[in-house]
Amino acid sequence: MEFKVLATASEKLAQTAADALIWLVTEDAATQGTDPALRALLEQVVDAGDLAWKPGRSVLLHKPQGLVAKRLVIAVASGGGAASAKAVKAAVGAALAQVKQLGVKHVAVLLGMPCDDAHAEAVVAAASDAVYLYRHTKPSAPEAPQLAKLSLIVERAQAKAAQAGLDRGVAIAEGVKLARECGNRPANHCTPSFLADEAKKLGKRGGIKCEVLERKDCEKLGMGSFLAVAQGSYEPLKFIVLRYDGAPDKGRKAQAPVVLVGKGITFDTGGISIKPAPDMDEMKFDMCGAASVLGVFRTLAELQPKLNVVGLIPACENMPSGRSVKPGDVVTSMSGQTIEVLNTDAEGRLILCDALTYAERFKPAAVIDIATLTGACVIALGHHRSGLFSTDEALAQALLACGERALDPAWRMPLDDEYEEALKSNFADMGNVGGRAGGAITAAMFLRKFAGKLRWAHLDIAGTAWKSGAQKGATGRPVPLLVHYLLSR
Ligand code: BES
Ligand code: MN
Ligand code: ZN
């Protein structure tokens, strides 16, 4: 899809040529300084009682009088003053839902209020959401919306900010799309090898290098914990290393990278501690952390920012078989710490811990792991906010703020030493589970033992990485949050 900023004088708005013009209105500024034809139409629908001043409400007019555009959607973005980026995203989403199946190819979006970069980014996010359709294993899926072009109409003074937000939005949308596509592919398509191939494809883009470690390499490194999870599966494991080097200084003066670690369990049966059958299909989404790392690299390729980023993806299946790791088995992690595998379904932390140890070699400025780690996090936070855990105050605050700005919010969870008690084992340095209470926190406490002196944060995206039910599918989160964080550095 193509996005464009159009700086247009208010008296020319009626001349906007488009299959649909989407006009976002706020009650306070609805009739100020806009084209008389538009103003007349708005007054008519409001007087007729067809449009209430409630955010999310919209009305579709066919062949609107006095306008060149074939259709006009008036969408309420705010019942009062200027609308937030979040409200703009929702209003554009609602308006596009009205017109996208009508065969419209070109829509113009007119913000009836000042447009900053966050607004422009929100418009792009809403539009790319509206046109994404999973088809890879469903060729019979309904025709994708034909929407191919979106023009964002702003006043001349706001064109520069709008263009910046639009460019960022387009790059993020590419990353989100890749993350969704990987997440949605079934586990017999999206294997560890598939993730490695996607990473290698990214490695052909500017500034990105990709290296894939095989089982033998992981054995040499002593990744006993990751290997233990992978050993029950016929699918070969992959440990993917991506590097984006965009900072100008090279060699010894090189900028310390941010390391992103994504959980890449391409299917989680639970292993010997097998999961119940209902909804087990959704465990194909257990690689959404990995997918978000690939998505971020896709965005970096687009934006080419001046910074260094490393992506690490331990990828394997978690399967029950004659050679699976068993409850009670003790494994030795790359860090040297031993782990009693009390529950083979707590496999995410077992693959992440070795990746965290591997991350040390990059002398990182910060390490962020992203994982669909615990059902407990879904119970705690639901499907709106990702769980954020960090031992570093500044890093935690930065990630929280970026989540708000990216409309991809997180919520901080605690990491008090007291929670560590639950991980005690009589047979190893620690167990891999801590009981039902505070399950998302004890999982994070386990990871903390491997983060050592790193500036580290953990995002539990179990509730936010995909949707269940009729809308089942990957969301691409938290690509927007992560990109905003990287760009804020
Ligand atoms: N991938 C799951 C977490 C999960 C479950 C995410 C359901 C989203 C929905 C993870 O590997 C897992 O199985 N965690 C266990 C941990 C438990 C055994 C301590 C869980 O959450 O039940
Ligand atoms: Mn599991
Ligand atoms: Zn899992």
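Taking CG from Asp408 and OG1 from Thr475, the interatomic distance works out to 7.5 Å, rounded to the nearest 0.5 Å. Atom CG of Asp286 sits about 5.5 Å away from atom CD of Glu347, to the nearest 0.5 Å. Interatomic distance, NE2 of His484 versus CG of Leu407, reported as 7.5 Å (0.5 Å rounding). Taking CG from Asp268 and OG1 from Thr372, the interatomic distance works out to 8.0 Å, rounded to the nearest 0.5 Å. Between atom CG of residue Leu352 and atom OG of residue Ser333 there is a gap of 12.5 Å, rounded to the nearest 0.5 Å. Note: Gln146 CD to Gln101 CD = 9.5 Å, rounded to the nearest 0.5 Å.
The number of heavy-atom neighbours closer than 6.0 Å to NZ of Lys100, taken from other residues, nucleotides and ligands shown, is above 12. Within a 6.0 Å radius of NZ in Lys250, other residues, nucleotides and ligands contribute more than 12 heavy atoms. Counting non-hydrogen atoms of other residues, nucleotides and ligands closer than 6.0 Å to CZ of Arg436 gives a total of 12 or fewer.
For the pair Phe239 and Asp217, the minimum side-chain heavy-atom distance is 4.5 Å or more. In this structure, Pro478 and Ile370 have side chains that are in contact, with non-hydrogen atoms separated by less than 4.5 Å. By the 4.5 Å heavy-atom criterion applied to side chains, Ser324 and Ile272 are counted as neighbours. With a 4.5 Å cut-off on side-chain heavy atoms, Pro257 and Val309 do not count as touching. Within the 4.5 Å cutoff, the side chain of Trp466 has no heavy atoms near those of the Ile461 side chain. Annotation: side chain of His136 is not in contact with side chain of Asn184 (no heavy-atom distance under 4.5 Å).
There is no side-chain donor-acceptor pair under 3.5 Å between Glu235 and Ser233. Side-chain polar atoms of Glu174 and Thr299 form no donor-acceptor pair below 3.5 angstrom.
Smallest separation of non-hydrogen atoms from Glu121 and Gly169: CG-CA, 3.8 Å. When every heavy atom of Tyr419 is checked against every heavy atom of Thr442, the shortest pair comes out as O-CG2, 3.8 Å. Heavy-atom minimum distance, Asp354 versus Phe226: OD2-N, 2.9 Å. Between Cys190 and Cys182, the closest heavy-atom pair is SG-O, 3.7 Å. Across every non-hydrogen atom of Val378 and His383, the tightest pair is CG1-CE1, 3.6 Å. Scanning both residues, Phe267 and Met280, for their nearest heavy atoms gives CZ-O, 3.3 Å.
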For this session: For the pair Asp19 and Lys105, evaluate salt bridge (charged side-chain N to carboxylate O under 4.0 Å, His left out) and give the outcome as yes or no after the intermediate values.
Result: CA-CA 6 Å; Asp19 296 320; Lys105 294 193 181 77; over 6 Å; no
Problem set entry | Steps toward salt bridge (charged side-chain N to carboxylate O under 4.0 Å, His left out) verdict (Arg180, Asp129) | CA-CA 10 Å; Arg180 292 179 79 175; Asp129 253 15; 3.3 Å; yes
Exercise. Going through the checks in order, is the salt bridge (charged side-chain N to carboxylate O under 4.0 Å, His left out) test met by Asp117 and Arg168?
Worked result: CA-CA 9 Å; Asp117 61 330; Arg168 190 170 63 228; 3.1 Å; yes
Problem set entry | Test side chain to side chain contact (heavy atoms under 4.5 Å, CB included) applied to Val341 and Lys326, step by step | CA-CA 7 Å; Val341 182; Lys326 302 171 294 298; over 6 Å; no
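Note: His458 and Trp456 have parallel aromatic rings, judged against thresholds of 30 and 60 degrees for the angle between ring planes.
In summary, Lys201 and Glu198 engage in a salt bridge, as defined by a charged side-chain N under 4.0 Å from a carboxylate O. With respect to the salt-bridge test (charged N to carboxylate O, under 4.0 angstrom), the residues Lys177 and Glu181 do not qualify. A salt bridge does not link Glu2 to Lys149: none of the charged nitrogens lies less than 4.0 Å from a carboxylate oxygen. Ion pairing between a basic and an acidic side chain is recognised when a charged N comes within 4.0 Å of a carboxylate O; Asp345 and Lys275 show such pairing. Between Arg455 and Glu393 there is no salt bridge, since no side-chain nitrogen of the basic residue lies less than 4.0 Å from a carboxylate oxygen of the acidic one. The pair Lys449-Glu420 meets the salt-bridge criterion, since a charged nitrogen lies less than 4.0 angstrom from a carboxylate oxygen.
Here Ala410 pairs with Ser386, Leu388, Leu400, Leu459, Leu481 under the side chain to side chain contact (heavy atoms under 4.5 Å, CB included) rule; sequence neighbours left out.
A cation-pi geometry, defined here as NZ or CZ lying under 6.0 Å from the six-membered ring centre and within 45° of its normal, does not hold between Arg205 and Tyr244. The cationic atom of Arg361 (NZ for Lys, CZ for Arg) lies less than 6.0 Å from the six-membered ring centre of Tyr358 and within 45° of the ring axis.
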